[in-house]
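These notes concern the structure reproduced below.
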2 protein chains.
Amino acid sequence: MVNVIAVASHAGVSPATVSRVLAGRVPVAAATRARVLQSVEQLGYRPNETARSLRAGRGRAVALVTGDIEQGLYAGLAKHVQGEIEGLGLDLLLFNLGHREDRLQHFLERAPSLGLRGIVLASPHVMDMAQLAPAMRAVMRSGVTVLSVSQDLSSFDIASIVHDETGGAAMATEHLLDQDRAPVGFLGRIETSAVGRARFDGYRTALEARGIEVDPDLVWDISKGYRADAGYQAASRAIDTGLRFRSVLAASDELALGGMAAAADRGLAVPQDIAFVGFGGLGWGVFARPAMTTVSLDAYAMALAVGEVFRSGSLPHRQIIPTKLVIRRSSC
Amino acid sequence: MVNVIAVASHAGVSPATVSRVLAGRVPVAAATRARVLQSVEQLGYRPNETARSLRAGRGRAVALVTGDIEQGLYAGLAKHVQGEIEGLGLDLLLFNLGHREDRLQHFLERAPSLGLRGIVLASPHVMDMAQLAPAMRAVMRSGVTVLSVSQDLSSFDIASIVHDETGGAAMATEHLLDQDRAPVGFLGRIETSAVGRARFDGYRTALEARGIEVDPDLVWDISKGYRADAGYQAASRAIDTGLRFRSVLAASDELALGGMAAAADRGLAVPQDIAFVGFGGLGWGVFARPAMTTVSLDAYAMALAVGEVFRSGSLPHRQIIPTKLVIRRSSC
DNA sequence: AACCCCTATGAAATCGTTCTCATACAGCCG
DNA sequence: CGGCTGTATGAGAACGATTTCATAGGGGTT
């Protein structure tokens, strides 16, 4: 491997001068600079990133910790966050929890020794902060920027970038009520997910604002995560047990798709018999049939906000990304 | 930051001994070992990964380079590859090209100086190997394991793990012919994608095996990547121009979904008027209505193969992952 | 008792870069 | 002509871990 010493001796200068030329900081004689640059070019020298990191005290990587990168918003988030991070000349380390929190604990313990620039936590799951707090604090103390995306941890003094999940769910619920679609069911409550609870809160708030009490029979819990099969099963059970409802707000697009399939299999027309609203705004929603009304989340906006944090170096306490309701055939 | 010197002086030994204890290699007196371990515990010492990497000459990261991590197979691939890599005690660096090849060039040039353990190339796009070869070779010379996943680059002496795309497409085409669904259209040929060409080859091979010539009018090119809107547009145009076909093999599930939506919007019944087969085996396909027949790809199997490469250290020349046809309502 | 071997440990070099401090030399002023 | 200022550069330390080489003893053999 060609190193700074090789370049220096090739150019007939000291390593210090090579370093100076490449950093472009201190004044170097024009002739010397040219000679060094030529040697760099000629030998194809690239500074060793590891040595730089060691010397600098920290590296150039930001870790993205996802709950399940395969699902919903998170693939898009990974894509756009990577783009932002790369734009800043940093690298993205990906860590996928896959519904196992002990791995987060483990990762946090390892984090300070990795020389990370930052950690972007992008998991919707409620975390046991009592257990996580010590590791978290150790990480932050070691100069790592910690950021929670999608879950609001601002009450634990962790900068958070979150969607207005509650507002979005409320908007969707109001939309269904406006269409005279009461009773409205809620498909896919997950109690162990902060994001899931926020969505349910929006549903409840909107109902109560119109003097409607939440009917526990019309709230269908799931445990497995926001997947289509869970939506299919929960909706099938609801329909088969003869519950009366004229619309469904699903906690994710995948759940809504499963729910719509269940309705179709039972000869119920969407939206005539049951209207559906999904959550997430995934690309294929517009090509489901009927096209799916959905609360649209903005992975790109989140990624931009993440990029801005690392660009400016200043942490927001809590930044809220608006959601918007995209109305399509499944609810009209 | 607590380092090996701090631990050493706390335990009353030299840094060398601390290192020995942690490596567990050379014999260390039991009493000394216990004392060192206690100090490690007490001070919460974690070896600095950057310093280790510098000393060792390479780090513990593997880079995953995707074309578009948001699409089709690749989110699942990222998830499972991350799991495998983590299981080996390594970290995953994510690099998403987003349809811009010059960034790959750039990344390859930077790669040797990052001390990477390996690079897993997971992009379906044809690459200009003439341009890429020098950087590629430089990377491999510097001791980095290079691996192409999903695109066959074995002819360039790059170890490749690929799906049997051609076989899958042939199977799907035969299935449609067996159902007496000729003429069969091909939705979404991409000439600039090696994977896309392999899928088209399977289609053509299967037709020719039955003495049917490919009808160029029934092959619909797209340029934008395997997205549902491209499928919708291409299928709409095909139907509106009055082409005669009774089934469609799509180059991806997303394209098939768009195509099915286009058919539905024109009052055509799936599968009665037009049968559809998708490609990819994405989770939601079973909940499309009608449920989608698809050629199923196995991201997990690919990830396992990737893991095996780094576990064993030996590169396959070319490893082929079988595909299978999952038959559902959209084609029966 | 002298010698040797083996175990347990420490001192110091090393990885490649950056940065601080020191120095050499040129030019300028008194 | 001596001393001062300032620019251009080099020598060497530092980052934190690993590893080679050297050495101090303890125990065994002759």
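Note on naming: letters A, B, ... go to the chains in the order of the sequence lines (proteins, then strands), and numbering restarts at 1 for each one.
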Would you tell me if any nitrogen or oxygen in the side chain of B/Y45 comes within less than 4.0 Å of OP1 or OP2 on D/dA17?
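Answer yes for this pair, as a side-chain N or O of B/Y45 is under 4.0 Å from OP1 or OP2.
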Do A/Y74 and A/S123 meet the criterion of a side-chain donor-acceptor pair at a distance under 3.5 Å?
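The criterion, which ignores hydrogens and geometry beyond distance, is not satisfied for A/S123 and A/Y74.
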Is the side chain of A/S312 donor-acceptor paired with the backbone N or O of A/S314 at a distance under 3.5 Å, no angle test?
yes
Mark yes when over 12 heavy atoms from residues, nucleotides or ligands other than A/R137 sit less than 6.0 Å from its CZ; otherwise mark no.
no
Distance in angstrom units between [X] [atom1] and [N] [atom2], rounded:
X	N	atom1	atom2	value
A/R46	C/dT17	CZ	P	13 Å
B/R58	C/dG16	CZ	C1'	18 Å
A/I5	C/dT18	CD1	C1'	13 Å
B/R52	D/dT19	CZ	C1'	14 Å

Going 5' to 3' along nucleotides 8-15 of chain C, which nucleotides have protein heavy atoms under 4.0 Å from the base (write B), which only from the sugar-phosphate (write S), and which from neither (write -)?
SBBB-BBB
Can you list everything that forms a salt bridge (charged side-chain N to carboxylate O under 4.0 Å, His left out) with A/R58? Sequence neighbours excluded, please.
none
Sequence neighbours left out, cut at 3.5 Å: what donor-acceptor pairs do the side chains of residues 104-113 of chain A make with other protein atoms?
from	atom 1	to	atom 2	distance (Å)
A/Q105	NE2	A/E109	OE2	3.2
A/E109	OE1	B/R46	NH2	3.4
A/R110	NH2	B/D91	OD1	2.7
A/S113	OG	A/R110	O	2.7

Within-4.5 Å side-chain heavy-atom neighbours: B/I69 and B/L94
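B/I69 reaches B/L94 side chain to side chain.
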